[in-house]
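Structure first, commentary second.
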Amino acid sequence: MTRPTLFFLHALGSSGAQWQEVIAHLDQRYDCHALDLPGFGDTPVQNHTDVASLVQWFCHVVIDSGASSWLVVGHSMGAKIATLTAAKAAAGDAGLAGLCGVVLLAGSPPAREPMDASRRKDMLGWVEHGSISRRDADTFVSANTAGPLPERLRERAIHDVMRADPVAWRAWLEHGSREDWREEAGRLAFPACIIAGAEDGDLGAQAQRDLNLPHYAAAQEVRVLAHAAHFLPYEKPFEVASEIDALASAALGRALPEDFLALLNTSRVDPRMRARLIARNLPPDPQAAGVLNQAQRQVLAAIVAQVVDSSEGADELAHRIDIALAAGEGDGWRFAELPPDRDAWIAGLASVDALAGGFCHRTTAAQASLLRQLQRRELTVGAGSPLDPDQLALWFEDACAQIARVWTSLPRTMAKMGYDGFAVARDGELALGYALTGADEVEAWQLGARRT
């Protein structure tokens, strides 16, 4: 298995070199790619002067790298590119399905970047007659740090500013930072960490809370680094590396097998199907409304653990079912003896909890025994029970089917089962289907052939 990949996108006027001290704490565990964005470092600007072309450039880098499971770390200007790339991954763009998480440092948001007008004017003046002078580069570095950098780091930062292509510098200040991509970014479910320097100005903690945090459902708060301003990779490399490692370690626990991702990234998969499977592999939105209260959700999670014979992921699967109930989603039918799904689930869970005298407090063996009795209609319910024994057995039969349906729809389950039936159609074309249909016949693109 290859190591997970980290892609690093730098700030305006910088280069991949800004990440050297951060990567020194990470490169034993990850394959680290510190990129020079077009117009900075050693990468020519070419025609990559607007946000869309910069995002497309980065997408090509990811695809060409062959990375399987990967995360993106974006600083300032690079953060806007990172977020919009994540949005393309969530939309099902081919080649990006392996994205596991996003880290933003003092990030430029999908919205127009807040920037003092006079400062923007001064910075544009620096390239009016060509490249940025050392004096202006020194001013820029000083304005973006909370205190003096070690001399070798300061010289590296100044050198990067001086070699920035004036075309790229001007394009970002005049256009890229002002482009509004909020609608395209949407609300993303990828694990995310958003970091700000306590002494940053325009892109400090409050700006991150207002402009970046709303786009990431899984990012609960902005991490604020004390005694730091905007140049966080230079100012706090160890702290930045620690935050990246913490997010990556947690996010990679959801990474899909390499062969499954390779198939998911092929043109055999419709983008809509790819987007759906990516969404199913991410945590459900913690703010998504359900119909169950906390106690009912806990009972459901315990029942899920019994049905799929594993407590791993039971809480999350229960949450998915709850969200589906609130949205009115289901399998399209119900037993005529039962009330509508929402009412039936609330009543069924309440009945199970009452019959057990607290279902979640029983041993797993006792829980299993009670559910088997319920299936066989051997339980006696109280006069005030919302469901009688026959209804309760029917509800549990339906609940088992729904739990199994949701569980088998998860990409992690598909990967374990070797299921590849999602890879049979292209966007806007006739279904590809299968060429071989005999027993035990496996086509070259299928997971069975890859695993053999």
Side-chain angles (χ1 to χ4, degrees), residues 189 217-218 253-254 276 279-335 337-379 381-382 384-414 416:
R254 309 184 76 91
R276 180 63 63 90
R280 289 178 186 168
N281 194 49
L282 295 171
D285 189 338
Q287 296 182 17
V291 300
L292 306 178
N293 61 35
Q294 183 176 1
Q296 292 164 345
R297 179 95 67 81
Q298 288 173 343
V299 174
L300 175 53
I303 293 175
V304 166
Q306 290 289 337
V307 173
V308 302
D309 197 25
S310 173
S311 61
E312 182 182 358
D315 290 336
E316 186 175 297
L317 203 153
H319 189 191
R320 292 182 189 277
I321 293 172
D322 190 15
I323 293 171
L325 285 171
E329 297 176 0
D331 53 14
W333 73 280
R334 64 182 173 86
F335 289 105
E337 296 87 345
L338 293 177
D341 284 348
R342 178 189 301 225
D343 299 332
W345 279 81
I346 292 173
L349 294 169
S351 298
V352 169
D353 201 34
L355 286 167
F359 189 77
C360 295
H361 301 301
R362 303 286 294 271
T363 65
T364 55
Q367 290 174 349
S369 176
L370 184 141
L371 293 176
R372 283 194 292 270
Q373 288 178 286
L374 185 154
Q375 284 180 305
R376 296 192 294 261
R377 296 170 169 79
E378 296 174 352
L379 295 172
V381 300
S385 174
L387 299 178
D388 63 34
D390 286 337
Q391 288 177 310
L392 199 51
L394 292 175
W395 168 77
F396 186 59
E397 181 181 338
D398 200 25
C400 287
Q402 177 71 348
I403 290 167
R405 186 177 71 85
V406 175
W407 180 71
T408 53
S409 74
L410 299 176
R412 281 174 291 175
T413 307
M414 293 181 183
K416 290 177 181 178

Looking only at heavy atoms, the pair that brings Q391 and P386 closest together is OE1-O, 4.2 Å
Spell out, as yes or no, whether a donor-acceptor pair under 3.5 Å connects the side chain of Q298 to the backbone of A295. no
Test item: L379 and L370 side chains (from C-beta on) under 4.5 Å apart, heavy atoms: yes
Should we say atom CZ of R276 is surrounded by more than 12 heavy atoms from elsewhere, each under 6.0 Å from it? no
Grab the two heavy atoms, one from R254 and one from E316, that are nearest each other, plus how far apart they are. NH2-OE2, 2.6 Å
Short question: side chain of S351, backbone of A347 - any donor-acceptor pair under 3.5 Å? yes
Point-to-point distance, once rounded to the nearest 0.5 Å, from CG of L300 to CG of D315: 9.5 Å
dist K416:NZ -> T408:OG1 (nearest 0.5 Å) comes out at 13.0 Å
Evaluate side chain to side chain contact (heavy atoms under 4.5 Å, CB included) for V352 paired with F396, printing each intermediate quantity in order. CA-CA 10 Å; V352 169; F396 186 59; 6.0 Å; no
About how many Å separate CD of Q306 and CZ of R372, when rounded to the nearest 0.5 Å? 8.0 Å
Checking the side chain of R342 only, and the main-chain atoms of V291 only, is there a donor and an acceptor separated by less than 3.5 Å? no
D285 (side chain) donor-acceptor with A217 (main chain) under 3.5 angstrom: no
Carefully, step by step, assess I321 and R297 under the rule side chain to side chain contact (heavy atoms under 4.5 Å, CB included). CA-CA 9 Å; I321 293 172; R297 179 95 67 81; over 6 Å; no
Side-chain donor/acceptor of S409 to backbone N/O of V406, under 3.5 Å: yes
Around D309, counting heavy atoms of other residues, nucleotides and ligands shown, do more than 12 lie under 6.0 Å from its CG? no
Interatomic distance, CG@L394 vs CG@L387, rounded to 0.5 Å, equals 9.5 Å
If you apply the rule side chain to side chain contact (heavy atoms under 4.5 Å, CB included), what do you find for E337 with D390, and how did you get there? CA-CA 9 Å; E337 296 87 345; D390 286 337; over 6 Å; no
Sort and list the pairs that fulfil ring pair (Phe, Tyr, Trp, His ring centres under 6.0 Å) and have at least one residue in residues 337-375, not counting sequence neighbours. W345-W395
Indicate whether any N or O donor in one side chain lies under 3.5 Å from an N or O acceptor in the other, for Q402 and R405. yes
Enter the distance from L317:CG to T413:OG1 here, rounded to the nearest 0.5 Å. 8.0 Å
Going from SG on C400 to CG on L371, what distance comes out if it is rounded to the nearest 0.5 angstrom? 7.5 Å
SB check R412 E312 (cutoff 4.0 Å): no
One pair to check against side chain to side chain contact (heavy atoms under 4.5 Å, CB included): L355 and L392. What are the steps and the verdict? CA-CA 11 Å; L355 286 167; L392 199 51; 3.5 Å; yes
Please answer whether the main-chain N or O of R280 pairs with a side-chain N or O of R320 as donor and acceptor at a distance below 3.5 Å. yes
Over all atoms of both residues, closest heavy-atom pair of A314 and A301: CB-O, 3.5 Å
Between D341 and D398, the two heavy atoms sitting closest are OD1-OD2, 4.2 Å
